[in-house]
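Below is one structure, written out as structure tokens; the observations come after it.
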Amino acid sequence: MQPHTLSIREAHELLTTKQISSVELTTAVLDHIHKTDPLINAFVTIADELALEQARLADQRLRQSEDITPLTGIPFAVKDCISTRGLRTTCSSKILENYIPPYNATVIDRLSTAGAVLIGKQNMDEFGMGSSCENSAFFDTHNPWDLERVPGGSSGGSAAAVAANMGLFALGEDTGGSIRMPAGFCNVTGLKTTYGRVSRYGLIALVSSFDSIGPMARSAYDCAAVLQSIAGQDLKDATSLPDPIPDYLKMLDKPVKGLRLGIPKEYFQAGMEAGVESSIREAIQKFEELGMEIREVSLPHTTYGLPVYYLVLFAEASANLARFDGTRFGLSVAEGAENVIDQYLQTRREGFGPEVKRRIMLGAYVLSAGYYDAYYLKAQKVRTLLRQDFEAAFEQCDALVAPTCPTTAFKLGEKTDDPLTMYLSDIYVVATNPAGVPSLCVPCGFSNNMPVGMQLIGKHLSEDVLLQIGHAYQSATDWHLKRPAVSK
Amino acid sequence: MTTYEPVIGLEIHAELQTKSKMFCGCSAAYSEAPAANTLICPVCTALPGAMPVVNQKAVEQAILVGLALNCTINPMNQFARKNYFYPDLPKGYQISQYDLPVASNGWLNILAGTDPQRIRVRRAHLEEDTAKLFHHDRHTLVDYNRAGVPLLEIVSEPDMHTVEAALDYATRIRAILRYLGVNSGDMEKGVLRFEANVSVRPTGSSELLTRTEIKNLNSFRALTRATAFEIQRQTQIYQSGAEVVQETLGWNDLKEMTISQRSKEEAHDYRYFPEPDLPPLEINRAWVEQIKSELPELPEMREQRLIMQFGLTVNEARLLTSDKALADYYEKTVSLSKSPVKTISNWITGEFLRYVNDMGLDLEHLPFPPEHLAQLVDLVTAKAINDNTAKEVLAGMFKTGQSPETIVKANNLGQISDQDALELVVAQVLNDNPKEVASYLAGKQTVFQWMMGQVARLTRGKADPQVARKLLLQALEKARISK
Amino acid sequence: MTPSESNKPAFSIDADMVKHVAFLVRLGIQDEEAQAFSHQFSAIIDYFHLLNEVDTGDVPPACETSNTRSVMRPDVIKPSMPREDFLKNVPHREGDYVQVPLVFGEE
Ligand SMILES: [Mg+2]
Ligand SMILES: [Zn+2]
């Protein structure tokens, strides 16, 4: 048995029947990380000592057989934009390279309460700005399926790690596909939750009205187990939803027969890689075999999803990143500064990478006096239409299915010169975030030996339905079980 | 030469009196903080990932003020980010309100000199205070204890046309905030700050010319001096044929002049947009109605009531209601005293307030209760002491906090109205001054006052003047008969 | 859908505008950088003019995606964080204070 290859479900079984301890499991995962990560570069920080300490505590709980959750003793890592007390949290930015948060994000507290074992922090595009993980200030993460290719972004480190068995699950964060797109590129199951379902407190904000934390794991089942622990209202996040939390694991086995699955025709346009399209079509056929009702639907404003997404992103991000000013934490370049403005200008010049600079400047531009109505306000109006598109579609179906990306993972360096082309790779995943709806990425095949992901999109708070469909599909297929060679 | 009239609008920033800050649970009592940077948390120091949550009490207090200023309470509120960089602003934006504030379109009645005038209140919105900066020669130090304390910004329309009107408006706003218990009005602690928008225009015209904005007005004195200075400055500019430049000015208290801070070209582009971390805030009717039912009697209403109830003059009523604590003190004294209201009012608006002002006392923390003042006035009314003695006693009350009876007894200040005792004194005066008695009897009436003075001298002012007068007249009549 | 293939955008954001917005967000940039950003910005914003196709006459702007409303906290004091927890991340401090270079020129 290679403990690091276990799923949450399998590991839980072994832990509760005392066939393995959390310390053994955690040690195996850490060893595998130290062996494999030099090839992948998924981790910004590996927390060996802290991990083993938590594993020992988890083992105590397991020995006493009390207060055990499906995550007790399970090693996991998180995208480096989620604050961890005492553990460096960088957003893969030079400006936060040495920042050690004095407090935990609510999700970290919740996972800690559940007994999960935090093993490290994962690389990402700086502040979540990117689709390839090449915008990390530290290093590029490589796709475990082909080290010359990108893992996708911005939760690229998390996707690559889970694919390469470096941690049984990860917490990613999805602002406009940042969980689903890399999950699809790396053959990982990843859930973008409904906006507000999971507390954002302690998540370093990119776009406050889009950001959603969610699990990335080996299966829909495992995602359900993680969601169970992290979902729910948090009084520290005024945008978190008070709605009750379903029993996600219990819902998984409900039959999908009779559920209506919508195919948004706008998501199947020219330009899609042939192998991607055929994988999705096969998956749709599988859903039909499972007894689901397939119907075509329309999301007429799909084309406008990308500009809406980016315009709102620029605006909110420009404000969210204003606090990085070299005063209270992080990088501070004050040498030779004659006044505080010099400190701001120098610190932010040296601390931010080019993509961050581009986006916060564009944010200032679209919010500026005289431009606000034409860009920001216009985008927010079209956002209303995007949201209405989804509402209308969900009157006709229970979930939508679509590719997560028009292509499989592209080569490192292939798109870095042209920001706009890079933005276009997010075309299928961005619209869900302005609408706030949940979406599950499920591996569904391979194209030219690289994984293909599909996304299931549901109405607000329908994570249970998406996980149920994903679980049914994964019970009938084994795409999600395929692992790259480096994962052994 | 053309004459010019000023056009003044005021923005008043009032710190609200909540226990915790606007968006986090840190204590808002920054002026009592044990040391710098002790009342802080990830939210108010803008650590990455921290998020704001609205303090309900601050919203309630804002609604209370909105109602008191006759505003419409907006059923849908939205917070907004006001973006600018400054070291006292940790997030790089201030959470404020922009197009959907708590309250809008209200008014307040004031007196412009002696003329009543209605000043329109454009809006009142919630926001957060900034950190405190301490400027040194080579660097600046920051203390975040004040960062995030709730502020209410009350914005008037430019409806004031004299410095006096602006002062009266500001004074009344302060009084209302104190009546509502939402702000201490303690200007020295900086809990109330003014900004004035000033322009001038040819008298009689209705156009609005270029205005300037004066910041940092932290006292009524600064408000009046700065607006007066600015009105004169702008008037002189126009009279010399030049144009006023739109700009932000700072008031320098020491030099007593406004100083340019930046011109319009460099003006901030605040890039307001809705705060995505805070969902819209609905203020439903039921909530507003409930707060309305808690609205106390406000200065203007109280002024009217005191005039009706106690027959005060407008000026007396205004003075007495200008501060809730004073009005409460006055009414309590009236209810405890047996003396005529007129007498009580005279004492309070006169001697009493003179001491309070001279000694710079806080009306909420006076050295003695209304019971003592009622006693004092009653002693005068009962002629146990005369006016002069009463003034001495009052001084003692302010100094020692003792009751007037204690002071009178301890210093043997009781008025002599005892017939027998005063008859002896009167007899002595007549005995000692035969010449004066003769000239009185010869018809020189003015000598009578002189003899009254002698009675006062011999009794060290304690003689009841009415009794003394009666006895002196009787004694003189006797002398006339026996002559 | 592939605007980068379309003709050179007619719309342009010049280097001065780039420098203006860079200052608004307090980013030190040099002239050459401003030039490069100006081309990228022009292409990006020009692509976003796609939204002009949409008639948004009566459409209200979305202000949030969460369906919550009126979330408030009671006015209760919570313990503040230990001062040292905050100060240990501060790049320049003097005693208990956070130190920044001189502030002048503005406000
Ligand atoms: Mg303000
Ligand atoms: Zn705080």
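These numbers come from a predicted model, not from an experiment. Sequence lines set the chain letters: A, B, ... in the order given, protein chains first and strands last, and positions in each chain run from 1.
Only the backbone of B/Phe23 comes within less than 4.5 Å of a heavy atom in chain C; its side chain stays farther off. Only the backbone of B/Cys24 comes within contact range of chain C, with at least one heavy atom under 4.5 Å from a heavy atom of that chain. Heavy-atom distances place no part of B/Asn83 under 4.5 Å from chain C, backbone and side chain included. Heavy atoms closer than 4.5 Å to chain B are found in both the backbone and the side chain of C/Val100.
Residue B/Arg193 qualifies as enclosed at atom CZ: its count of foreign heavy atoms under 6.0 Å is above 12. No more than 12 heavy atoms of other residues, nucleotides or ligands sit less than 6.0 Å from atom OH of B/Tyr98.
The salt bridge (Lys or Arg N to Asp or Glu O under 4.0 Å) check on C/Asp58 picks up nothing, with sequence neighbours excluded. Qualifying salt bridge (Lys or Arg N to Asp or Glu O under 4.0 Å) partners for B/Glu195, counting only residues two or more places apart in sequence or in other chains: B/Lys215.
Here C/Val25 is the residue among C/Val25, C/Leu87, C/Asn89, C/Val90 with the most heavy-atom pairs under 4.5 Å with chain B. The most heavy-atom pairs under 4.5 Å with chain C, out of B/Asp143, B/Ile40, B/Thr18, B/Leu39, come from B/Ile40.
Residues of residues 77-86 of chain C placed with any heavy atom under 4.5 Å of a heavy atom in chain B are listed by number as C/Ile77, C/Lys78, C/Ser80, C/Met81, C/Arg83, C/Phe86. Of residues 51-60 of chain B, those residues with a non-hydrogen atom less than 4.5 Å from any non-hydrogen atom of chain C are, in numerical order, B/Val53, B/Val54, B/Asn55, B/Gln56, B/Lys57, B/Val59.
Atom NE2 in B/His136 sits 7.5 Å away from atom OH in C/Tyr97 (nearest 0.5 Å). Annotation: the span from B/Ile283 atom CD1 to C/Ser70 atom OG amounts to 8.0 Å, rounded to 0.5 Å.
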Stepwise, does the side chain to side chain donor-acceptor pair (under 3.5 Å) test hold for C/Glu94 with B/His139?
-> CA-CA 10 Å; C/Glu94 190 184 294; B/His139 58 253; 3.0 Å; yes
Please lay out, stage by stage, how B/Tyr86 and C/Val103 fare under the test side chain to side chain contact (heavy atoms under 4.5 Å, CB included).
-> CA-CA 8 Å; B/Tyr86 208 68; C/Val103 177; 3.2 Å; yes
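Here the closest heavy-atom approach between residue C/Arg73 and residue B/Met22 is recorded as NH1-O, 3.5 Å.
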